Amino acid sequence: MSGTRSSNNPYLLLTVTMVLWGSAFASSKSVVEHVPYTVAALLRFGGAALALLMVVLLMGGRRTKVPRRAATRAALAGVLGVFAYNTAFFWGLSLAPSLDAGLLIPVMSPVLTSLFLLLTGRERASAARLTGLALGLAGAVIFFLGAGGGAGGGMTRLAGDALFLLSAVCWAAYTLAGPRVLAGVDPLRATTLATCAGAVLLGVTALPDIPGIRWADLPTGLWLNVAYLALGAAAVANLLYYRGVGAVGPASASLMMFAVPVVNTVCATLFLGESFTPTQAVGAAVLLSGAVLAATRGRLPRRGGTARPAAGPARPDATGAEEDAEQR
């Protein structure tokens, strides 16, 4: 029984997701070094779509009808969180180090999520939250200044980092849409529909680049990376992420993204030999500090305080609701 409860713990699922995603940045960079970024994105999510479809079929998915409205929501989420996100992400990887992607995307995503929730009135402003957001945005500016100059910098790296920022915008929106996507459909089918919709568009984008690839000359290591990215970092990770968002809400799920830069930094420095410029290192520290402050409001989450039944999808304003409950 305890093993079953542990395997269904949303924070455990989200932690596994962050490890898979953190290692995927360096792995994706290795793929982009051998094929165009459009093809790299297709290989990752085309393979993930096939894997998820097989799982759905094996679990009797053909006998379960998904409401048309729910299927449409999931497909539209795939356009945003799979197609748009990965187009910008893999394009950025062709221009800038994976180290930059592994910081900007997972750290800016919760900052942007918190900013949106505040601007729409779904969460209440506080001094700690506003200070954290200001620090996060200032750190991002410093990081971009570091990307544009100094050793290891330049306009190419700056352009890549701008694309990573666009990816973070897409992922923040994808996270906020998660509870709506999960309404009326289980996480496996929602993830499958979103991944398939995004993969189809990625395939259309990659079509012009496919004929020019010498497939027989591609190294074995590339295919191992593609298999890992498709099965682990895309299919399994996205499924676990949707389960986590459905259980704890987008605000708490985005907070877990702070584990990704740690995993990515280890992988990028050890396996790819990448490094930050000095200015980027300062910006990264300021950005990370501000993001943590904005996401936590300067308070550590209470142990067990986030437990919530997973019978229905969480609301985008779940964090604010938890605050109101505490005050009552």
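Note: hydrogens, waters and symmetry copies are ignored here, and every other heavy atom, side chains too, is used. Quick caveat: nothing in here was measured; it's all calculated off a predicted structure.
Test Thr38, Val82, Leu43 against Leu202 for side-chain contact (heavy atoms from CB on, under 4.5 Å) and you get one pass: Val82. When each of Leu118, Leu117, Leu293 is paired with Arg129, the side-chain contact (heavy atoms from CB on, under 4.5 Å) condition holds for Leu118 and for no other.
Here the straight-line distance linking atom CG of Leu193 with atom CG of Leu76 works out to 11.0 Å at 0.5 Å rounding. Atom-to-atom distance recorded for Leu229:CG and Leu222:CG is 9.0 Å, nearest 0.5 angstrom. Rounded to the nearest 0.5 Å, atoms CG (Leu50) and SG (Cys196) are 7.5 Å apart. Note that the CD atom of Glu274 and the SG atom of Cys267 stand 10.5 Å from one another [nearest 0.5 Å]. For the atom pair Phe164 CZ and Met108 CE, the distance stands at 14.0 Å (nearest 0.5 Å).
Classified by interplanar angle (parallel below 30°, tilted 30° to 60°, perpendicular above 60°), the ring pair Phe276/Phe143 is perpendicular. In this pair, Phe89 and Phe25 present their aromatic rings perpendicular. The plane angle is above 60°, beyond the 30 to 60° band.
With a 4.5 Å cut-off on side-chain heavy atoms, Leu272 and Ser98 count as touching. Counting only heavy atoms from C-beta outward, the side chains of Leu287 and Ile142 never approach each other to under 4.5 Å.
Checking Tyr241 against Thr191 by side-chain atom types alone, no donor-acceptor pair falls below 3.5 Å.
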*Take Thr87 and Tyr37 through the test side-chain hydrogen bond (donor to acceptor under 3.5 Å, both in side chains) and record every step on the way to the result.*
CA-CA 8 Å; Thr87 297; Tyr37 72 88; over 6 Å; no
